[in-house]
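Report on one structure; see the data block that follows.
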Amino acid sequence: MPMTLTMKLRLIALTVLVLAMTAQAQDGSTAYNFLNVTSSARIYGLGGVNVSLVDDDITVVDQNPALLGGEMSGTIAMNYMHYLGGSNFAGLRYGHSAGERGAWSASLRYFGYGSMQETLPDGTIVGDFSPMDVAFGGMYSHDITDRLRGGIELKAIYSSYADYNAFALATDLGINYYDSDKDLSLSLVVANLGGQVKRFNESYDRLPVDVRIGWSQSFGSFPVRFSVTAWNLTKWKLPYVETGDGTDDKSGEVKDSFGSNLFRHLIFGLDLIASPNYYISLGYNYKMRTDMATYSRNMLSGFTLGGGFRMRNFSVGLALAQPHKGGTTMMFNLAYNLSDILN
């Protein structure tokens with residue numbers, strides 16, 4: 001018997017609920033947190049996480065596979081990020097339509113952490129090594145209705161740290177509702193489901209499984225799109241230690257109030273969309289700010305700024321943040337639509 005739309009929606013809702021409950025049952029620390037670093041300058045300028053931004057920019061789909069669509073067919077994108085501590089990240093992504101209602105994408109991401117000294121347990125330096133992570137991704141999305149789209153991404157992750165290496169598999173599941181008349185977008189994502197296939201040693205490292213909900217919308221002719229993203233929803237309490245300005249010897253104060261926990265789950269973004277040829281974005285990530293809660297934090301910590309422009313088949317994006325006064329992060333995107341060449 002063919003499935004009706006109602007049956008499809010119920011099945012999707014049930015699947016997401018079960019996956020969310022599974023994620024909440026996972027306790028303990030996680031590894032592979034580089035998976036939470038976006039490859040999109042557009043997203044980084046909006047606070048680093050945004051699962052509901054509907055745009056023909058293919059770089060945004062790393063946040064939610066349901067944002068991938070046939071309108072991105074033939075687009076190839078490159079990203080580069082200069083991160084804290086001398087780390088450098090880079091990647092490629094290509095997308096293509098699959099029939100009238102589907103699309104697929106393939107990606108490769110590299111995370112390099114610079115050169116480090118390799119030492120023996122007694123402190124003897126025996127050389128240098130360059131730890132790295134590499135993630136290969138395959139994504140598919142499908143239009144369930146004219147306003148509802150679902151997507152899935154499978155990721156294979158290889159890690160090499162000196163003489164140790166590991167391999168893991170992860171999955172992202174997403175769904176997006178978009179009303180073009182109201183420019184209203186609502187999304188739900190379950191990210192980084194999976195686990196290690198090959199461990200570094202005897203210990204098992206968990207993936208950073210997460211449930212994320214997003215809202216994005218503009219209002220009438222006002223040329224600003226607003227976004228709110230809720231993330232880290234598998235755990236309510238996210239306490240941090242506030243150490244003040246470092247001018248006294250007092251120990252840090254643990255912040256664990258309702259308001260503190262609430263705002264550490266939320267990321268706010270503003271997108272200036274006065275023209276289809278350019279954008280300017282501003283984000284505020286309270287968790288980023290409080291994670292840097294030391295006397296070295298500055299007033300810009302937690303804020304991100306981005307901008308970009310496009311000319312015919314070519315687009316460029318750039319985003320900046322300064323989570324710590326000792327380090328500025330920068331992300332750069334370059335995309336080109338190959339449709340004219342392919343056709």
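Predicted model, so just to flag it, every value in this text is computed and none were measured.
Arg109 and Asp133 are not joined by a salt bridge, as no carboxylate oxygen comes within less than 4.0 angstrom of a charged side-chain nitrogen. Contact check on Asp55 versus Arg310 returns a salt bridge, with a Lys/Arg side-chain nitrogen under 4.0 Å from an Asp/Glu carboxylate oxygen.
Note: Asp62 CG to Lys155 NZ = 8.5 Å, rounded to the nearest 0.5 Å. To the nearest 0.5 angstrom, Leu238 atom CG is 4.0 Å from His265 atom NE2. With values rounded to the nearest 0.5 angstrom, Ser260 atom OG is found 11.0 Å from Phe258 atom CZ. Taking CD of Gln217 as the reference point, atom CZ of Phe226 lies at 9.5 Å (rounded to 0.5 Å). Remark: Phe219 CZ to Lys182 NZ distance equals 10.5 Å, nearest 0.5 Å. Atoms CG and CG, on Asn285 and Leu46 in that order, are 11.5 Å from each other to the nearest 0.5 Å.
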task: Just do the side chain to side chain donor-acceptor pair (under 3.5 Å) check on Asp57 and Tyr279 with the steps written out, would you?
output: CA-CA 12 Å; Asp57 181 350; Tyr279 72 87; 5.3 Å; no
- request: Kindly determine whether Met311 and Asn277 satisfy side-chain contact (heavy atoms from CB on, under 4.5 Å), including the steps that lead there.
  value: CA-CA 7 Å; Met311 299 181 299; Asn277 297 322; over 6 Å; no
message: Between Leu262 and Trp236, does the side-chain contact (heavy atoms from CB on, under 4.5 Å) criterion hold? Intermediate values first, please.
response: CA-CA 8 Å; Leu262 174 63; Trp236 165 249; 3.9 Å; yes
query: Taking it one step at a time, do Asn79 and Phe332 satisfy side-chain contact (heavy atoms from CB on, under 4.5 Å)?
result: CA-CA 6 Å; Asn79 70 274; Phe332 173 75; over 6 Å; no
CA sep, side-chain torsions, deciding dist, call: Asn64, Ser187, side chain to side chain donor-acceptor pair (under 3.5 Å): CA-CA 8 Å; Asn64 180 357; Ser187 289; 3.3 Å; yes
- request: Tell me, with the steps shown, if Leu188 and Val211 meet side-chain contact (heavy atoms from CB on, under 4.5 Å).
  value: CA-CA 8 Å; Leu188 174 63; Val211 176; 4.1 Å; yes
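Among residue pairs with one or both ends in residues 90-108, those qualifying as salt bridge (charged side-chain N to carboxylate O under 4.0 Å, His left out) are Arg93-Glu153; sequence neighbours excluded.
With a 4.5 Å cut-off on side-chain heavy atoms, Arg199 and Asp205 do not count as touching. Residues Met139 and Val61 form a side-chain contact, since some pair of their non-hydrogen atoms from C-beta on lies under 4.5 Å apart. For the pair Tyr178/Leu184, no side-chain contact is recorded, criterion being any heavy-atom separation below 4.5 Å from C-beta on. Between Leu148 and Asp143, every side-chain heavy-atom pair lies at or beyond the 4.5 Å cut-off. Annotation: side chain of Tyr140 is not in contact with side chain of Ser105 (no heavy-atom distance under 4.5 Å). Looking at heavy atoms from C-beta onward, Tyr94 lies out of side-chain contact with Thr75 at the 4.5 angstrom threshold. Side-chain contact check for Leu233 versus Arg212: every heavy-atom pair is 4.5 Å or farther apart. No side-chain heavy atom of Asn36 sits under 4.5 Å from any side-chain heavy atom of Val49.
A distance-only check finds no donor-acceptor pair linking the side chain of His96 to the backbone of Gly70 [under 3.5 Å]. Distance alone, capped at 3.5 Å, places no donor-acceptor pair between the Ser141 side chain and the Gly150 backbone. The closest donor-acceptor contact from the side chain of Gln196 to the backbone of Ala168 lies at 3.5 Å or more, if one exists at all. When atom types are taken as modelled, the side chain of Asp172 and the backbone of Asn192 share a donor-acceptor pair closer than 3.5 angstrom. A donor-acceptor pair under 3.5 Å is formed between the side chain of Asn333 and the backbone N or O of Ala41. Although no hydrogens or angles enter the test, the distance criterion places no donor-acceptor pair under 3.5 Å between the side chain of Ser97 and the main chain of Gly99.
One side chain, Ser227 or Asn50, offers a donor N or O that lies under 3.5 Å from an acceptor on the other. For the residue pair Thr59/Ser40, the side-chain donor-acceptor check at 3.5 Å is satisfied. At a cut-off of 3.5 Å, with distance as the only test, no side-chain donor of Asn176 or Ser52 sits close to an acceptor on the other residue. In the model, Lys255 has no side-chain atom that pairs as donor or acceptor with a side-chain atom of Asn261 under 3.5 Å. If you check the side chains of Ser160 and Asn165, you find no donor sitting under 3.5 Å from an acceptor. With no hydrogens or angles considered, a side-chain donor-acceptor pair links Thr329 and Tyr44 at under 3.5 Å.
The two atoms that bring Gly95 and Ile58 nearest to each other are N-CD1, 3.3 Å, heavy atoms only. The nearest pair of heavy atoms linking Gly45 to Ala319 is N-CB, 3.7 Å. The two residues Pro223 and Ala274 make their nearest non-hydrogen contact at CB-CA, 3.8 Å. Tyr32 and Ala166 get closest at one heavy-atom pair: OH-CB, 3.8 Å. Residues Thr304 and Met288 share a closest heavy-atom pair of CG2-CE, 4.3 Å. Shown here for Ile267 and Gly47, the closest heavy-atom pair between the two residues is CG2-CA, 3.8 Å.
Leu193 and Ile152 fall within the same hydrophobic cluster, where Ile, Leu, Val, Met, Phe, Trp and Tyr residues are linked whenever their side-chain heavy atoms come under 4.5 Å apart, directly or through other members.
For Tyr158 and Phe167, the distance between ring centers is not under 6.0 angstrom. Between Tyr80 and Phe89, the distance separating the two ring centers is not shorter than 6.0 angstrom. In this structure, the ring of Tyr177 has its center no less than 6.0 angstrom from the ring center of Trp215. The ring of Phe34 has its center closer than 6.0 angstrom to the ring center of Phe111.
Heavy-atom neighbours of Phe263 CZ from other residues, nucleotides or ligands within 6.0 Å: at or below the threshold of 12.
Under the 30°/60° scheme for interplanar angles, the aromatic rings of Phe314 and Tyr336 are found to be tilted. Ring pair Tyr284/Tyr286 is tilted by interplanar angle, where 30° to 60° counts as tilted.
Applying the salt bridge (Lys or Arg N to Asp or Glu O under 4.0 Å) rule to Lys237 yields the partners Asp256; only residues at least two apart in sequence or on another chain are considered. With sequence neighbours left out, Asp271 forms a salt bridge (Lys or Arg N to Asp or Glu O under 4.0 Å) with Arg42, Arg225.
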